2 protein chains.
Amino acid sequence: MATSIKDVALRAGVSVATVSRVFGNGPVSPELRERVEKAIAATGYRPNLSARRLRSRHSHTIGLMVADIRSPFFTELSRVVEDEAYRSGMRVILCNTDENADREAMYLRLMEEERVTGLIWAPTRGSLERLAEDDLPFPVVLVDRGGPVGRHDSVVLDNHQATASLVHHLHSIGRSRIVGLFGNASSTAIDRHLGYLSATASLGLSSEAFFVAPSAEAAEREILKVFSRPDRPDGIIASSNLMLLGIVKAMRRLDIRTPDDVAIAGFDNETWSELVGPGLTVIEQPVGDIGRMAMTLLFDRLKAPKAPARKVMLSGRLIVRGSTAPVTGLVDEPVD
Amino acid sequence: MATSIKDVALRAGVSVATVSRVFGNGPVSPELRERVEKAIAATGYRPNLSARRLRSRHSHTIGLMVADIRSPFFTELSRVVEDEAYRSGMRVILCNTDENADREAMYLRLMEEERVTGLIWAPTRGSLERLAEDDLPFPVVLVDRGGPVGRHDSVVLDNHQATASLVHHLHSIGRSRIVGLFGNASSTAIDRHLGYLSATASLGLSSEAFFVAPSAEAAEREILKVFSRPDRPDGIIASSNLMLLGIVKAMRRLDIRTPDDVAIAGFDNETWSELVGPGLTVIEQPVGDIGRMAMTLLFDRLKAPKAPARKVMLSGRLIVRGSTAPVTGLVDEPVD
DNA sequence: AAGCTTCATGTAATCCTTTTCAGTGGCTTT
DNA sequence: AAAGCCACTGAAAAGGATTACATGAAGCTT
């Protein structure tokens, strides 16, 4: 049987209220405080967080719902969010939805039962559309995906502009038949698709987009199919890391040279991005900033529940590497 | 004010005990059950988990303490653990220690306050040594790192054997001056170092080990230093993914060819391992099995607290790729 | 038909804190 | 010197569920 606040009080010869006040920095005289602290040390007492949460009606918990923690963007995001949360005495409940609406609904219910203080959420496409209707008993900050400014705060990458800058970059190195490969699950891919469309249009380029399941294998298969046709593209833009890997695999398989025959570019800068093939050109997302901003929005919201919703859009950084190096036409010079 | 079990009881015209029994599948007649369920739906009632945990004296929570969720092994592990946990109605509290003893101690205290049912833990080196002494009020299963069979269950890779197999593999392709690069923080690196030592010794090879901070940059710096000496090694074994990346970077920087001049091998198979340079030879860890086994050990322990501690050792799988392809000596053939 | 189970239900205690409320004693104010 | 204030402290209520125990009705046994 674990020791409770009662045992501590008994041992210190004070009331339980006083012991509680020692933890909550209420007014306690120095002598009593010392006696209590001695008793705590002697008994090895640890306050029961469930009881504390129940009575104080404050869970000190925030939820974090993402598609899959294994996707590097979310890995990094979760790390930032947890650090920020623990720093301000909060705990995080992490959930992986796998872009599955049922799991998402289940976890939302869990969040309610946990009485979370707030939720940081990368919703599935369906939920994003339905978000205006169902209202949740806690504030929500959308990350990574967010529609028009609605009832909820959100912080996202400027996907439209980012993808457009990839297209312009490929165009600037002389590519004209640029196809796009997008995931078919997340709303991010949709935004990136739109950016791709408007950029190709404004440059007067043809456009062709493919949508596949978000896995390297699916991407590889699709690209193999695309390159079995006579009119091969000379540039590919991928809406994610996994797509990018699938593309590189397909290029290897077909023995197509990068960037000579096809230039490749995509999203998310990773430790290994510069080491895959000739180095991958990518848009780097400010994940740390996104996570911290999400926490800021959440805390602000808690302070001012009625304030109008804010949508924060951060811009990515284009990192140019070998996969989009300009081709001299005569000699393959090492880039960098 | 959120609706409580009382409101539901009132609305359904039953006692709170009956409502509680509907949730806990106690004995409730069909009619009452239906009335209660209607009342739940009508009120949108959600049980308060804090209250439930407090009264039932069961947190339904397990802790997961790892060095850093961003390290791919732990990312995958956390995913497996969370899935298994949620499947059996448990929740997970994730903590990143950053190999820092203070953070670790702080989080251990948190685990006690949360009254976790059990803890899955990749302890820092210091904690691993001190583990026999301090005893915790909940069962612990060590993962990734585990000393001799002590008081705690553990599940680890057979690091000794795995590293030895890397050495033997390099030897089999004709390498004789094989150095080892190890992280200086985790106990895993120590085990791998020992495997390296005994394998080189048994093969009659020279050995030289370097220990650096667990980052690609530190690894790169160290390797640059090593290769500034006249007697360059012809093989390198790295104790982790990050080390491996640092080595590849150094090789690029120095324009040293892999595997011709130096063969490279390390740990953890990732999506991109086959795409970095000529493809990286690695030991693949059965992360999923490790995670599931850890959960199994934990649940078994809960059923039989007094049973003797078990140490489960799983073996890795050697995946040979271009970075350790045998060199023909005449022509550089592309390795598949 | 009396007595014994069994099943469904309600009442009240309990889990462990925080928080409200009501002092108590000592100081300052007027 | 009475009044008011302040800083501490303790007793008790409250938070929202589960569960031990009591009760009453129904079904069985003999």
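Only a predicted model underlies this, so the values are computations on that prediction, with no experimental measurement involved. Labels below follow one simple rule: chain letters A, B, ... track the order of the sequence lines, proteins then strands, and each chain is numbered from 1.
A/His58 has its NE2 atom 14 Å from the C1' atom of C/dT18, to the nearest Å. Between the CD1 atom of A/Ile5 and the C1' atom of C/dT19 there is a distance of 12 Å, given to the nearest Å. Here the P atom of nucleotide D/dT19 and the CZ atom of B/Phe23 are 14 Å apart, to the nearest Å. Between B/Arg53 atom CZ and D/dT19 atom P the separation is 15 Å, expressed in whole Å. In this entry the distance linking CG of B/Leu10 with C1' of C/dT11 reads 16 Å, nearest Å. Taking atom NZ of residue A/Lys6 and atom P of nucleotide C/dT18, one finds them 14 Å apart after rounding to whole Å. Nucleotide C/dT17 holds its P atom 15 Å from the CZ atom of B/Arg55, rounded to whole Å. Atom pair B/Arg57:CZ and C/dA13:P shows a separation of 19 Å (rounding to whole Å applied).
For A/Phe138, there are no ring pair (Phe, Tyr, Trp, His ring centres under 6.0 Å) partners two or more places apart in sequence or in a different chain. Checked against salt bridge (Lys or Arg N to Asp or Glu O under 4.0 Å), A/Lys38 has the following partners two or more places apart in sequence or in another chain: A/Glu34. Scored by the side chain to side chain donor-acceptor pair (under 3.5 Å) test, B/Ser15 finds B/Thr18 as partners (sequence neighbours excluded). Under the side chain to side chain donor-acceptor pair (under 3.5 Å) criterion, B/Asp153 pairs with B/Arg301, not counting sequence neighbours. Partners of A/Arg115 according to the side chain to side chain donor-acceptor pair (under 3.5 Å) rule, which considers only residues two or more places apart in sequence or in another chain, do not exist here. The salt bridge (Lys or Arg N to Asp or Glu O under 4.0 Å) check on A/Glu82 picks up nothing, with sequence neighbours excluded. Applying the side chain to side chain donor-acceptor pair (under 3.5 Å) criterion to B/Asn184, with sequence neighbours excluded, gives no partner residue.
In this structure, the separation between CE on B/Met106 and OG1 on B/Thr97 is 10.5 Å, given to the nearest 0.5 Å. The CD1 atom of B/Ile69 sits 9.0 Å away from atom CZ of A/Arg79, with the distance rounded to the nearest 0.5 Å.
For the pair A/Arg145 and A/Asp191, the salt-bridge criterion is not met [side-chain N within less than 4.0 Å of a carboxylate O]. Taking 4.0 Å as the cut-off between side-chain N and carboxylate O, B/Arg292 and B/Glu84 do not count as a salt-bridged pair.
For the helix from C/dA1-D/dT30 to C/dT30-D/dA1, the axis fitted to the five pairs at one end and the axis fitted to the five pairs at the other end meet at an angle of 40° (nearest 10 degrees).
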Write down the protein N/O and nucleotide N/O pairs, taken from nucleotides 26-28 of chain D, whose separation is under 3.5 Å; answer none if there are no such pairs.
none

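When distances run from any side-chain atom of A/Asn48 to the nucleotides C/dC16, C/dT14, D/dG15, the shortest one goes to C/dC16.
For DNA chain D, the residues of residues 26-42 of chain A within the heavy-atom distance limit of 4.0 Å (strictly under) are A/Pro27, A/Val28, A/Ser29, A/Leu32, sorted by number. Of all the residues in residues 13-22 of chain A, A/Val14, A/Ser15, A/Ala17, A/Thr18, A/Arg21 reach under 4.0 Å from DNA chain D with at least one non-hydrogen atom.
Taking side-chain N and O atoms only, A/Arg52 has a distance below 4.0 Å to OP1 or OP2 of C/dT18.
Closest heavy-atom contact between A/Pro123 and A/Leu128: CG-CD1, 3.8 Å. The two residues B/Gln285 and B/Ile290 make their nearest non-hydrogen contact at OE1-CD1, 3.9 Å.
A ring-ring contact (aromatic ring centres under 6.0 Å, His included) check over residues 63-91 of chain A, counting only residues at least two apart or in different chains, returns the pairs A/Tyr86-B/Tyr107.
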